[in-house]
Number of protein chains: 2
Amino acid sequence: MQKTAVVKSNDPIAAQLAPVGRETVQDRVYLELRRALIGGLFEPSQVLTIRGLADALMTSTMPVREALGRLITEKALEALPNRSVRVPPITLERMDDLLRARILIEGEAIALAATRMASRQVSVIESMLSEWDEMRALKLKKDVDREVTLNQSFHFEIYRACGSAVLIPMIESLWLQSGPCIRVAIYAFSEAGEVDTAHFHRSIVAALSAQDATAAREALIADISRPFNFLRNKLQSEAASKGMS
Amino acid sequence: MQKTAVVKSNDPIAAQLAPVGRETVQDRVYLELRRALIGGLFEPSQVLTIRGLADALMTSTMPVREALGRLITEKALEALPNRSVRVPPITLERMDDLLRARILIEGEAIALAATRMASRQVSVIESMLSEWDEMRALKLKKDVDREVTLNQSFHFEIYRACGSAVLIPMIESLWLQSGPCIRVAIYAFSEAGEVDTAHFHRSIVAALSAQDATAAREALIADISRPFNFLRNKLQSEAASKGMS
DNA sequence: TCATTACAAGTGTGATCACAAATCAAAAAT
DNA sequence: ATTTTTGATTTGTGATCACACTTGTAATGA
């Protein structure tokens, strides 16, 4: 083994070196599309072409098509019979379906996390929350992208503590699928005078630090249900007014 | 639109024609690998090479690598840092993790199905079960592959009735991940004098026909827990005897 | 005899090309 | 004016190739 032979003469340096993870172009494309999807940068029903994305991402078609295939298998994208791919459209049934699954799985994850999380981990979350607050107080205009990103890291910081290598990828898949819906809801929120999301997060953290699994689950359910309920009301009222005209 | 123009002169024929679904080579490869994985044809920790699979499946490397990528994203396969791919090894932690997730999600699915399933659908399941029984009575030697396949169609016939387009793919992913474990357990079963799986299935059907969601969930949990518990005991005793020597 | 090096075979990744199917636009016919 | 047809462009799919990296083995050294 050549590398170890080279390294073993100066171990203390090697100890400080992190492995340089050679991520492939395909991985970068996949992660970028994921980010865009969760952040809601693509609109529901929007069709995506391989060559179009390849041009936008400054790469060839090969990594893009494989990334698209992966996203299709986790239902983040939809393969039309024409063999073109689009981000799935929003329907009321699908929204309710997604919300029920998220309540089920993320609720279980946070209940597990509540029992397993050390107090040090909770305080990390807490500090993340206050940092978030003061950043929000600083800039008056609200940055929707930033909000979405921070909300995501808040939740997944908790989910990681559940210690389940099976549940976490499923939750990621669920966020991927509900990303476009959520984005629409957030836009609607910021129009219609936003209620504070911070309140929900605070009660989640309180339940976690009390190691109260049931309270944590209920607080989480309230948190993730809110945009869905808001969007459902919006869609229903739109459908009703359209039915009237 | 040419096709509709051609068809509209003889509509009654068109009504009887099912769309001929042009499945791609990649899809066939993907489905074949899925089948092999769920059926446990690959052993845990076995490494798979693109060119090897391409030769075995009589196709080029292209469809294989895309299918492998898809299977990796749903955690049915594992990407090693060497960039080679293998079927994930079995560990006690992973088994417990998988079982908990399956109890959670498949339990929810069957509870939903119990409330939504029409009596006609239940009788379809019932007839499927008796057909299975008499087939098993016919041939003395037990066909493990057939058992696995029939067990799969029994369960998914039920899950389809839950009507959730979100839960079902997750369950498929879970079966994909636990396929190799289950196969090992089934082999261990057939060595160690099998208890009858039919009994569990009968109580599931009974609960479904009574529309008793709670009973259905509990019967299902008993059914899917059995191979896991068996395998856990086996692994633990093996580890103990290895620790002794 | 053992460790190290050098070479060869194997493997994954990305780019490019050929082909078939789909989409779109303009032209032609009714 | 509307519909149909025709042709050109775009798109996804599969195959092949070049390159970089890994792995395994034989040759060389101590």
Side-chain angles (χ1 to χ4, degrees), chain A residues 1-10 17 19-33 42 45-73 76-88, chain B residues 1-11 14 17 19-33 42 45-73 76-88:
Chain A
M1 290 199 278
Q2 304 173 356
K3 285 181 184 173
T4 52
V6 170
V7 164
K8 87 176 135 185
S9 55
N10 41 10
L17 254 40
V20 57
R22 305 171 295 111
E23 76 176 346
T24 65
V25 177
Q26 178 189 156
D27 290 333
R28 275 196 291 278
V29 171
Y30 174 71
L31 290 176
E32 183 62 19
L33 291 180
F42 297 135
S45 300
Q46 178 179 354
V47 309
L48 305 177
T49 66
I50 293 181
R51 287 179 173 90
L53 290 174
D55 289 348
L57 296 169
M58 303 259 290
T59 176
S60 80
T61 64
M62 183 63 55
V64 175
R65 56 198 272 192
E66 306 197 358
L68 285 186
R70 291 166 69 177
L71 289 168
I72 290 172
T73 61
L77 294 176
E78 194 180 27
L80 272 53
N82 322 337
R83 297 194 169 166
S84 62
V85 9
R86 68 170 178 188
V87 13
Chain B
M1 292 198 277
Q2 305 173 357
K3 286 180 183 172
T4 52
V6 170
V7 164
K8 90 177 135 185
S9 55
N10 41 10
D11 249 351
L17 253 40
V20 58
R22 305 172 296 112
E23 76 176 347
T24 65
V25 177
Q26 177 190 157
D27 289 333
R28 275 196 292 277
V29 171
Y30 175 70
L31 290 175
E32 183 63 18
L33 290 180
F42 297 134
S45 299
Q46 178 179 354
V47 309
L48 304 177
T49 66
I50 294 181
R51 287 179 173 90
L53 290 174
D55 289 347
L57 296 168
M58 304 258 291
T59 175
S60 80
T61 64
M62 183 63 55
V64 175
R65 57 198 270 193
E66 306 197 357
L68 285 186
R70 290 167 71 178
L71 289 169
I72 289 173
T73 62
L77 293 176
E78 193 180 27
L80 272 52
N82 322 337
R83 298 195 170 166
S84 61
V85 11
R86 69 171 178 188
V87 13

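Order of the sequence lines sets the chain letters (A, B, ...), proteins ahead of strands, with each chain counted from 1.
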Discussion item. Once salt bridge (Lys or Arg N to Asp or Glu O under 4.0 Å) is applied, do any residues pair with A/Asp27, and if so which ones, sequence neighbours excluded?
Written reply: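 So A/Asp27 forms a salt bridge (Lys or Arg N to Asp or Glu O under 4.0 Å) with A/Arg70.
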Discussion item. Checking A/Arg51 now: which residues fulfil salt bridge (Lys or Arg N to Asp or Glu O under 4.0 Å) with it, not counting sequence neighbours?
Written reply: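 Salt bridge (Lys or Arg N to Asp or Glu O under 4.0 Å) check on A/Arg51 returns nothing, list empty.
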Practice prompt. Can you sort out the partners of B/Glu32 under side-chain hydrogen bond (donor to acceptor under 3.5 Å, both in side chains), two or more places apart, ordered by chain and number?
Written response: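 side-chain hydrogen bond (donor to acceptor under 3.5 Å, both in side chains) check on B/Glu32 returns B/Arg35.
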Worksheet item: What string of B, S and - do you get for nucleotides 9-15 of chain D, 5' to 3', when a contact is any protein heavy atom under 4.0 Å?
Response: --BBBBB
All N/O donor-acceptor pairs, side-chain side in residues 55-63 of chain A, below 3.5 Å, sequence neighbours left out:
unit_1	atom_1	unit_2	atom_2	d
A/Ser60	OG	A/Met62	N	3.4

Worksheet item: For the pair made of CG in B/Leu53 and P in C/dG10, what is the distance, rounded to whole Å?
Response: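 Going from CG in B/Leu53 over to P in C/dG10 covers 17 Å.
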Enumerate, atom names and distances included, each donor-acceptor pair closer than 3.5 Å involving a side-chain atom of residues 79-87 of chain A, sequence neighbours excluded.
unit_1	atom_1	unit_2	atom_2	d
A/Arg83	NH2	B/Arg22	O	2.9
A/Arg86	NE	A/Glu78	OE1	2.9
A/Arg86	NH2	A/Glu78	OE1	3.4

